[in-house]
Student: 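Supplied in structure tokens, the structure appears directly below.
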Amino acid sequence: MRITVVGTGYVGLVTGTCLAEIGNEVICVDVNEEKINKLRNGIPPIYEEHLEEMINNNLAKNRLKFTTSLERGVKLSDVIFIAVGTPPKSNGQIDMSQVDEVAKSIGKYINGYKVIVNKSTVPVGSANRVKNIVYLNMKDKSIEFDVVSNPEFLREGTAVFDTFNGDRIVIGSNSEKATEIMKEIYESFNIPMLITNPESAEMIKYASNAFLATKISFINEIANVCERVGADVKEVAKGMGIDKRIGNKFLNAGIGFGGACFPKDIKGLMQIGNDAGYEFKIVKKVLEVNNAQRIKPVEMLRRLFGNLNGVNVSILGLSFKPGTDDLREAPSLYVIKELQSDGANIKAYDPIAMENAKLVIGNSMTYCNDPYEAVEGSDVVVLLTEWAEFKKLDFNRVKELVNRPLIIDGRNTLDSNSLKEKGFEYFGIGLGDASVENTGPKESRIIRINQKKACVL
Ligand code: UGA
């Protein structure tokens, strides 16, 4: 099948490359000439496991092409995926201008039957919106086309794996012809397909992301209570997750969710509700909980140190989650901002996101070449992203390097017992056995141990 994918962001580039991998002829279109030139040379603009080798493999087989010409993309393909950005506007509404532009151009260049696929996360009703824009811009109104909604469920960091191993493919279509073509494209993925109308497909995307985010904020609130009552949120999540109706995924408590999707899609869903005259109350709270949770390590430090002015803080992990260099809405950005406003000195290390961090955060903190350099001379080590390499650190060496062996584990990922045995003060999120309970500087603070044994340090 000849397929065009418009937009070479995470979704577009991964989708286009994976569709080429299964044997389709794919043209990826983007307005950014520099990006396209790099991609023609096999260099992806983002880090994503396996992506670079797959791009190069398919470039070599001549199945994957990159161009800035949307006209070529429209004219040469039977199916056109729209995978451009739909960022939130300052008023919370979804900015559809890029989708609209692509729809206009498709109308202008359409030269025969096409299936137009909305892959971007777009408000309910967008399939119709695209249909109208395409039609209005067509010179020859007799040309037939269909618009379907095919939301994306891949996660950053595991995007290629997710594309081939998703739980479902959702196709929102009112046309049998278009549905059959979509089924043919996805047949070899061997993933269950759900056919709905376009509106339901569009809603499935928002509802899924909002539900996952709700699970995270829920377990984070449980964690916050666990701390106060001596329960351990890891055990609680395990006990909850065994119940198949709840499921054990997305119950890792920590410093909350970030990324380009959950925060944006929650706001999008609230807006969709508002536009329809309904106030979506739960997701509003989900966001509020997350906003507080992401700066929880700073609150803990304020309680531990009293005053953070001049305190040396070492940050391990900057990206919003492991496996990606993406810093969009990363909790680290909010933690760093708060720490800086309190006058802390920050050194940071991330295995992949350093270059992006320099662009986003600038010169206001020290960037280190490895985790050991980052922890040297530190008064507290704060782990914000659960990269696997942080678990494997030589903590005896870390202890030698730091000023004070104190660790705040914002992702509950390190082995607390082994760290305590090595002489570290260790605090996770909602772990119950030792939570930062009281305010005030070191001399007067109380570490509460299982509520019963409170000891003054
Ligand atoms: C999310 C969805 O998981 C994908 O299905 C969806 O396609 C994508 O958004 C999208 O709309 O494009 P993504 O944002 O890449 O994917 O990452 P997730 O793995 O879902 O993690 C999101 C955030 O939640 C991260 O900051 C992560 O650290 C946090 N998280 C996740 C937790 O705090 N606890 C958990 O138990 C799980």
Side-chain angles (χ1 to χ4, degrees), residues 7 9-15 46-49 83-88 94 118-122 150-163 165-170 191 201-202 204-223 233-234 236-238 240-241 246-269 286-287 289-291 293-294 296-297 317-335 353 383-387 409-413 428-430:
Y10 273 99
V11 171
L13 188 56
V14 172
T15 303
I46 48 163
Y47 173 79
E48 197 58 57
E49 205 179 7
V84 292
T86 49
I94 297 149
N118 268 349
K119 195 80 180 152
S120 305
T121 300
V122 285
N150 172 221
E152 185 51 70
F153 301 108
L154 58 80
R155 292 164 300 171
E156 283 183 27
T158 49
V160 172
F161 176 87
D162 288 352
T163 304
N165 299 279
D167 292 328
R168 77 300 207 191
I169 289 167
V170 174
I191 295 173
E202 287 159 350
I204 286 169
K205 170 69 188 190
Y206 281 100
S208 301
N209 272 2
F211 190 78
L212 291 170
T214 304
K215 251 183 134 175
I216 298 170
S217 277
F218 183 86
I219 200 68
N220 282 337
E221 288 218 277
I222 293 286
V233 73
K234 278 184 166 178
V236 175
K238 201 169 166 185
M240 288 166 64
I246 297 172
N248 60 10
K249 304 267 170 35
F250 275 69
L251 285 179
N252 295 325
I255 51 168
F257 56 80
C261 305
F262 285 174
K264 167 175 87 83
D265 291 350
I266 287 177
K267 288 181 198 143
L269 185 54
V286 166
L287 211 51
V289 169
N290 196 58
N291 290 348
Q293 196 72 15
R294 64 192 176 191
K296 191 174 162 100
L318 295 166
S319 57
F320 83 95
K321 65 176 202 172
T324 176
D325 60 353
D326 196 342
L327 270 118
R328 285 176 290 177
E329 288 296 318
S332 67
L333 299 180
Y334 296 91
V335 168
L383 187 148
L384 298 180
T385 318
E386 66 275 35
W387 287 98
D409 181 356
R411 296 292 181 183
N412 288 350
T413 187
I429 308 287

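First listed ligand is number 1; within each ligand, the first listed atom is number 1.
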Student: Counting non-hydrogen protein atoms only, what is the nearest one to atom 30 (N) of ligand 1? Give residue, atom name and distance.
Tutor: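 Looking at atom 30 (N) of ligand 1, the protein heavy atom closest to it is I216 CD1, 3.4 Å.
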Student: Please identify which atoms of ligand 1 are closer than 4.0 Å to at least one heavy atom of K205.
Tutor: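 Listed by number with element: 6 (C), 7 (O), 10 (C), 11 (O), 12 (O).
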Student: Once side-chain contact (heavy atoms from CB on, under 4.5 Å) is applied, do any residues pair with V289, and if so which ones, sequence neighbours excluded?
Tutor: S217, E221
Student: Tell me: protein heavy atom nearest atom 7 (O) of ligand 1, and distance?
Tutor: L154 O, 2.6 Å
Student: Could you pull out, from K249, K321, E329, the option with a heavy atom nearest to atom 27 (C) of ligand 1?
Tutor: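 The residue whose heavy atom sits nearest atom 27 (C) of ligand 1 is K321.
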Student: Could you list the donor-acceptor pairs under 3.5 angstrom formed by side chains in residues 257-269, with sequence neighbours left out?
Tutor:
unit_1	atom_1	unit_2	atom_2	d
K264	NZ	T86	O	3.4
K264	NZ	T86	OG1	3.4
D265	OD2	N209	ND2	2.7

Student: Looking only at protein heavy atoms, which one is nearest to atom 36 (O) of ligand 1, and what is the separation?
Tutor: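 Of the protein heavy atoms, N252 N, 2.9 Å lies nearest.
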Student: Indicate yes or no for a side-chain donor-acceptor contact from K215 to the backbone of I246 under 3.5 Å, with no hydrogens or angles considered.
Tutor: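 Confirmed, K215 side chain pairs with I246 backbone.
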Student: Indicate, as side chain, backbone, both or neither, the part of N209 found under 4.0 angstrom from ligand 1 when only non-hydrogen atoms are considered.
Tutor: side chain
Student: Need the ligand 1 atom indices (1-based, order shown) with element for anything under 4.0 Å from a heavy-atom of E152.
Tutor: 7 (O)
Student: Please identify which atoms of ligand 1 are closer than 4.0 Å to at least one heavy atom of F153.
Tutor: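 Result: 4 (C), 5 (O), 6 (C), 7 (O).
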Student: V11 versus ligand 1: do any nitrogen or oxygen atoms come within less than 3.5 Å of each other?
Tutor: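 Among all N and O atoms of V11, none is under 3.5 Å from an N or O of ligand 1.
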Student: For residues G317 and S332, report the shortest heavy-atom separation together with the two atoms involved.
Tutor: O-CB, 4.2 Å
Student: Can you confirm, on distance only, whether ligand 1 has an N/O atom lying under 3.5 Å from any N/O atom belonging to G258?
Tutor: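 It does: an N or O of G258 is found under 3.5 Å from an N or O of ligand 1.
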Student: Just need the protein heavy atom nearest to atom 12 (O) of ligand 1, so name the residue and atom and give the distance.
Tutor: C261 SG, 2.9 Å
Student: With distance as the sole test, does D409 use its side chain to make a donor-acceptor pair with the main-chain N or O of L383 at under 3.5 Å?
Tutor: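 Between the backbone of L383 and the side chain of D409 there is no qualifying donor-acceptor contact (under 3.5 Å).
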Student: Of all heavy-atom pairs between L384 and P297, which one has the smallest distance, and what is that distance?
Tutor: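 L384 and P297 have their closest heavy atoms at CD2-CG, 4.1 Å.
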Student: Quick one: does K119's side chain have a donor or acceptor within less than 3.5 Å of a partner on N150's backbone?
Tutor: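 Judged by distance alone, yes, a pair lies under 3.5 Å.
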Student: Considering non-hydrogen atoms of the protein only, which is the closest contact for atom 3 (O) of ligand 1, and what is the distance?
Tutor: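 Heavy-atom neighbour on the protein nearest atom 3 (O) of ligand 1: R155 CG, 3.4 Å.
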Student: As an exercise, identify every atom of ligand 1 less than 4.0 angstrom from a heavy atom of R411.
Tutor: 28 (O), 33 (O)
Student: Is there at least one pair of N or O atoms, one from F262 and one from ligand 1, spaced under 3.5 Å apart?
Tutor: no
Student: F257 heavy atoms, cut-off 4.0 Å: which ligand 1 atoms fall inside?
Tutor: 23 (C), 24 (O), 26 (O), 29 (C)
Student: Tell me the closest heavy-atom pair linking R294 and E329, and the distance in Å.
Tutor: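 Smallest interatomic distance, heavy atoms only, reads NH1-OE1, 3.6 Å.
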Student: Could you tell me whether F153 atom CZ has more than 12 heavy atoms of other residues or ligands within 6.0 Å of it?
Tutor: yes
Student: Between T121 and ligand 1, is there a nitrogen or oxygen pair with a distance under 3.5 Å?
Tutor: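 In fact, backbone or side chain, T121 has no N or O that close.
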Student: Pairs of nitrogen or oxygen atoms closer than 3.5 Å, one from E156 and one from ligand 1: do any exist?
Tutor: yes
Student: Looking only at atom types and distance, does a side-chain atom of E386 sit under 3.5 Å from a main-chain N or O of K321, one as donor and one as acceptor?
Tutor: no
Student: Between atom CG of L251 and atom NZ of K238, what is the distance when rounded to the nearest 0.5 Å?
Tutor: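 So the gap between those two atoms works out to 13.5 Å.
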